[in-house]
Every structure is written in C-alpha cells, then in structure tokens.
Amino acid sequence: MKIDYDAIIVGAGAAGNIAAGVLAEAGKRILLIERGKSRTYAEDGHRDHLRNHRLQAYGFNTGPEIDGNPRVFIDQQGRRHVIKPHQDNYHVNAAVVGGGTFVYGGLAWRFHPKDFLMASTYGRPEGSSLVDWPISYDDLELWYGKAEHEIGVSGDGSGDRNSGPRGRDYPMPPVADNPTSAHLRAGASALGLSTFTPPLLVNTVPRAGRGACIHCGSCVGFPCPSNGKNGTQNTMLPRALATGHCDLLIETVVEKVATDDRGNVIGVDILEADGAGQFKSRRICSSMVILSAGAIETARLMLLTRTNREPNGLGNNHDQVGRNLQGHYYPTVFGLFEEPVQDSKGPGVTIATTDYNHGNDGVIGGAMLADDFVMLPIILWKSGLPDDLPRYGLSAKHFMRDNFTRIAQIKGPVHEIPSADCRVRLDPEIRDKYGRSVAQLSGTTHGETVRTADYILEKADAWMRASGAVRTWGKRQTLRLSAGQHQAGTCRMGEAPQTSVTDSFGKVWGHDNLYVCDASLHPTNGGYNPVLTVMALAFRNAERIGNLL
Amino acid sequence: MSDAKNRAFRLETFRAVLDRIIPADDYPGALDNGVDSFILSLWDAGLVADCEAIDQGLLDLDAQTSGRFSMLSSESQDLLLAEHKEETWFSILCELAAEGFYADPANGANPDAISWRMIGYRPGLPEGPSGPCENPQDAVRGRLRA
C-alpha cells in the first residue's frame, strides 16, 4: 500500500483549515478535502438578501447544493420529513472552503471556565447528558490566545470581568460604538450589569496583508467585501498551501473512511465523477485521518464506515457516535426607541454582558447577551416585527418606514443542556446524489435548556427596557432539536470509551490514527458563540497530531 | 418546494391584491416596484411553497366578487381582504411581496434600492446596493495533485 499523505483532513472549515496549516507548516504532507467550492466575495454573486446564511428563502451563497443533498428530520411525533438544505430542520452549515467562517459574523468568545465544568457546577439534570469537559479552561487558555492572534481578533482584553484569566490582550482594538451602544450601556449601568465591546474575528485595522472592515450593511451570513473578516480560508489555509505540502481538493465528497481488513484506518475513499456522470470510488491512503466535517457530517462519516470490528460505524461500538447533538437557543428581544439606533454600519455588534452566563437563580447555566449584527430589512420583516402588527397595508409599510432605524436587538446563545437522545443517525431509506445514506436527525434538547432560555429572554427584555426602549417584544422558546450553525457534541471527547467517542485530544477510541477535529468534540457547547473554541481546540490537537506523525 | 405549477388565478386579481398588500403612498407600492413579476418568476420556477393555496385563495376571492375584485374600490378591497387576513394563502402572499419589496435590487423588485431609502437601510457595498455581479463561473473543480 502506497501512503499518499501523512494526513488527510476531511472538511476545510473552522477546524480543518487550522489543522492543515499547523501540520503543513510542521512539514507534513497533507490532503485537505472539501465538498464545497472555493469562493471569494467577488465570485460569490450578487448580495442576495434571500439566499444567504442568515436567510435561506430559496438557497444559499455557498453550498450545500439544494438538490441531491437531503436530510431526514424526525419530528417529536415521530413523523419523517425529507428536508432540503435551505429548509427548516436541516440544520445546515456552509459547505464552502472556510466553512461557516467564510460567512460568519465572527464573534470570538472564549468559553467561561465554568462552561467546562457544567456537571460539577450544577449536577446532571435527570434525562440529560450534561458532563464536564475532560479538559479545563486553563488547558485551553494558551490555545485561545493562539487562535486570537493567528486568525485575528479585535477586542478589549480587560473588558470582561467574568472571563477566565488571559495571557495576552487581543491583537487589534475593539470595534467602535454605533448609535445603539450608548443606550444599552446606560441601561446596563442602571441595572448594575457590566458591559464591554465583544471580541470579533474582524480586522478593525489592516492586518496580515488584508484590509480593515469597511462597515458594510450586510455582515453575518455573507462573505466580506474587504476580506477583513478573518475566517480560516483567508488565514490558515493560505499558510497551509504556501508550504507546498498541502493539496486542496474541492467539490469532492468522501464516500467513507478507508479501512483495511482488520478495521484499521488507512485513508479515505473519495467519489469522482466519470465522463458519464457516474460516481466512482477512489482510495487515497494516509497515515492519519482527521474528520473536520462539522458535527452532523463528521458523525455521518463515522457511521458510514462499517467494518467487522465496528459493524455500527467507526468508534461506535458503545453507541455514542452521533448522540448529544446540540447547538444554541437564541432568545432575542427587540426594542423600539424614540430616536434612530441603527446606522446599518457593520459588523453591528458593539456591546455585550457576560453577567448572565452563570450564577442565575433557579436555572442551569445562562448566556452571553449582546446587540446584534446589522439587520437586513427583509429579516426584520420576516422575524422581527411585533406579533400584533398586520403584515399588509399601509400600517405594515409605515412600520418599516418609521421604525427600521429605531429598533435594537439584544440576544444571546444559551448554554444547552444536552440529551443523549438528540441524535445523528443514518437514514435507512434516503440517499444523497452520491449514493450515501443521508443524516437522519431526531430528538430534542433537554427541557432545562428551554427554562434557561426563557430566563435569559426576561433578562434581555429588562435590559432593553432599562435602556429606554418604548416598546419591547420577543418570543418564548419551545422544546425542539437544536443544532444549526453552532452544531456540536456528536463525537464528544471524554475519559472513557463507554461514555465518549474520543480522548481529550480527539483521538477516536480504539484507533491510533483516526481523529475528530471540529465542534463534534464539545461535550457541551458553552453559553457563547463556539467558533473560537473550535479554533483553539484545532490548534491544540493539530500540534499533538503533528508530534505523533 | 413544489415543482413548477400552473396557475389558474386571474392576473388582474393577483395584482390588485398585491396593490393592497403594499400600497403606494409617497413611496412606490408593490406594483410600482415589480413585486408581481418577482412572485411570478418564483412561481414559474417552482419555488413558491404552497402555491396551490395561493391559487385557490385568489380563485375564492374571485368567486366571492364575481371576478370583479380588481374593479372594486380600495376601501372595498381592504374590507374583503380583512376577512381573509388569517388565511394561510394570504400570509404567504404577504411574505412573498415583502421578500421582493425589501430584498436587494438584483432580486428584481426593489429598483434602485428605493425601498431601502424609504426605511433608511444603507447597503454600504463598494459596487452598489446589490454588490458584485453574478459570476456563472464561480469556481473551478479541484484537481488532485498527488
């Protein structure tokens, strides 16, 4: 058997591109495989307010392609629904070089030290799979700092009084205020809340050969017009490719992990279209395989690979792969002010509090709360109007005309209480256009998540009212499956194979050369946007893998 | 999403309903902005969910008015639509109208970003409100260099 590469990485997203950069710069020969395209702002078509990663009315500005990539969603009554990528309940992540980091808003949070100790802090609620992480904040601190500097984060390192200790300040100053900031700062002050400017993976000054943010009016969900939004596609991937040791294969789907007759991992099988459009499997061999395809697709690839030794999927002899799927509930409060509070100048997030992440009376965990990215008009119309406002006639038109610039938001990602019954499985019937069984999603988060989300909604509402909003509105949450762009947890790391899928470095139990490197590893997903944690883990785990190769 | 569906409703009725969903005032209404064409394009491409419901809703409106809905006064039209405001077809049509009216100009129903000027949204992109041009060749297929 010819070993083509030291390591094959599946998925050029938040974690995969970092692993590729770290390993290629360490002199390893890397193949990085991405099912999506490589795109830039200029190549990405017009700024489509109906087809992006904040609003997917008819499609996306990235993959996955709408046709041929379904999933199956099992609702709480047990009914099956075949779902296309842009439809509700698909729980899509961008399929493109850079993954979600190509289009994200780039909130760059470190998890709270207690986010790593949820079971110890709160106990494990009945019916939940709440656990501690096998590593602590202190174990990750250095790597958080590395991610902040290598990828590029703007922020105020001394702003967050609830943060764990940090070794270094951010490499760039924080974003400037907008007309919302002073209102929310005054409201927070009246309530005794501490606030600061949230960290963002956005250049506030030119850096690393790329420009600063130009404050366009459509940030999250779209590629950046100045390339000043720092994803992995414009930071670690170019470094990986510059070494000459990393090959990037785009628009290529992995059929399964390749194994020998003893069930050992030897590479991957990719699918290549022949002249007639038929897909043929081609084996590429490597010493190491790293799965970085996101919490749903990484679990799916593990389950798609069945051997005599592991007949239910790689790493799945203890039925742990694909369980504990989680993301974030996002309670949101809208507030109407008497004067303009929006100037449509991105990114738009300017003020946050972490006072409600822990220490909340009668609920488990909590959430970071902040104002939001610049809002698209159609998104306000579809998801931000008060329930009692008619959706037609001059009253609807005049509400938009009079109030678009006078509405602020406060929202935040609630720390989910996971359930082992919230799952990714292989659907027994539906296959994608490549012939692979599709992901079947089922279950819900634990009910405690809903209680915390409603608690946080009340706190956000109180903050908004204290800030001078003349009217506020927001929706209470209901029990549902939660994954989406913050999807995590399906290959959780832990102390033992009976209760987890990998060790604390992402090495799949029972294998020496198969690693998971993405948010699948998160035992819990924090009360913050998770991407900086994904990046920090990728830096840490890739260095470990490099030392073993 | 459904496949492309035929439509049985009268275009006059469809347009008259849209004219009441987003009426003209100091700023253009749905028809001035081309919201009717925007929706019909989606419809013909098979992208309108529940298009049967809209079709039936408009047919029912015609049955209720002996096909004369478009000739009624604005006040009479509004009174009639108020009877239907809770019905699914009408909600969907309102949503489709808003999509065209408030989305970017390149979607076809917000010419010169007039709706954005009305509400005070600033797109802030270097190329203009809709950003870069379409690019049919947005990427090349990767090649394995192993």
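Convention: sequence-line order gives letters A, B, ...; per-chain numbering from 1.
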Original post:
If contact means a heavy atom pair closer than 4.5 Å, which residues of residues 11-19 of chain B contact chain A?
Top reply: none
Original post:
Got a sec: does the NZ of A/Lys345 have more than 12 other heavy atoms crowding it under 6.0 Å?
Top reply: no
Subject >> Residue selection (most heavy-atom pairs with chain B, distance under 4.5 Å) from A/Pro340, A/Gly346, A/Pro390, A/Ser218 >> reply: A/Ser218
**OP:** Could you look at A/Phe222 and say if it's the side chain, the backbone, both or neither that has a heavy atom under 4.5 Å from chain B?
**Re:** neither
Original post:
Out of A/Pro225, A/Gly59, A/Gly393, which one racks up the most heavy-atom pairs below 4.5 Å with chain B?
Top reply: A/Gly393
Original post:
Below 4.0 angstrom, N of the basic side chain to O of the carboxylate: do B/Glu95 and A/Lys382 qualify?
Top reply: yes
**OP:** Scan side-chain atoms only and decide if B/Asp104 and A/His46 contain a donor-acceptor pair under the 3.5 Å cut-off.
**Re:** yes
Original post:
Where on A/Asn403 is there a heavy atom nearer than 4.5 Å to chain B: the side chain, the backbone, both, or neither?
Top reply: neither
**OP:** Check B/Ile21 against A/Arg391 and note the closest heavy-atom contact, atom names and distance.
**Re:** CG2-O, 4.4 Å
**OP:** Supply the atom-to-atom distance B/Lys85 NZ to A/Tyr392 OH, rounded to the nearest 0.5 angstrom.
**Re:** 5.0 Å
**OP:** Drop me the distance from A/Ile379's CD1 to B/Tyr102's OH, to the nearest 0.5 angstrom.
**Re:** 15.0 Å
Subject >> Closest heavy-atom pair and its distance - B/Pro28, A/Lys397 >> reply: O-NZ, 2.8 Å
**OP:** Quick one: which of B/Gly131, B/Ser91, B/Ala98, B/Ala103 has the most heavy-atom pairs under 4.5 Å with chain A, could you say?
**Re:** B/Ala98
**OP:** Measure across B/Phe38 and A/Leu50 and return the closest heavy-atom pair with its distance rounded to 0.1 Å.
**Re:** CZ-CD1, 3.7 Å
Original post:
Is there a donor in the side chain of A/His398 and an acceptor in the side chain of B/Asp25, or the other way round, less than 3.5 Å apart?
Top reply: yes
Subject >> More than 12 heavy atoms of other groups within 6.0 Å of A/Glu338 CD >> reply: no
Subject >> Proximity breakdown for B/Tyr27 and chain A, heavy-atom pairs closer than 4.5 Å >> reply: both
**OP:** Heavy atoms only: give me the nearest B/Asn107-A/His49 pair and the separation to one decimal.
**Re:** ND2-N, 4.2 Å
Subject >> Any residue of residues 110-128 of chain B which, by heavy atoms, sits under 4.5 Å from chain A >> reply: B/Trp116, B/Met118, B/Ile119, B/Gly120, B/Tyr121, B/Arg122, B/Pro123, B/Gly124, B/Leu125, B/Pro126, B/Glu127
Subject >> Side chain, backbone, both or neither of B/Leu42 within contact of chain A (heavy atoms, under 4.5 Å) >> reply: side chain
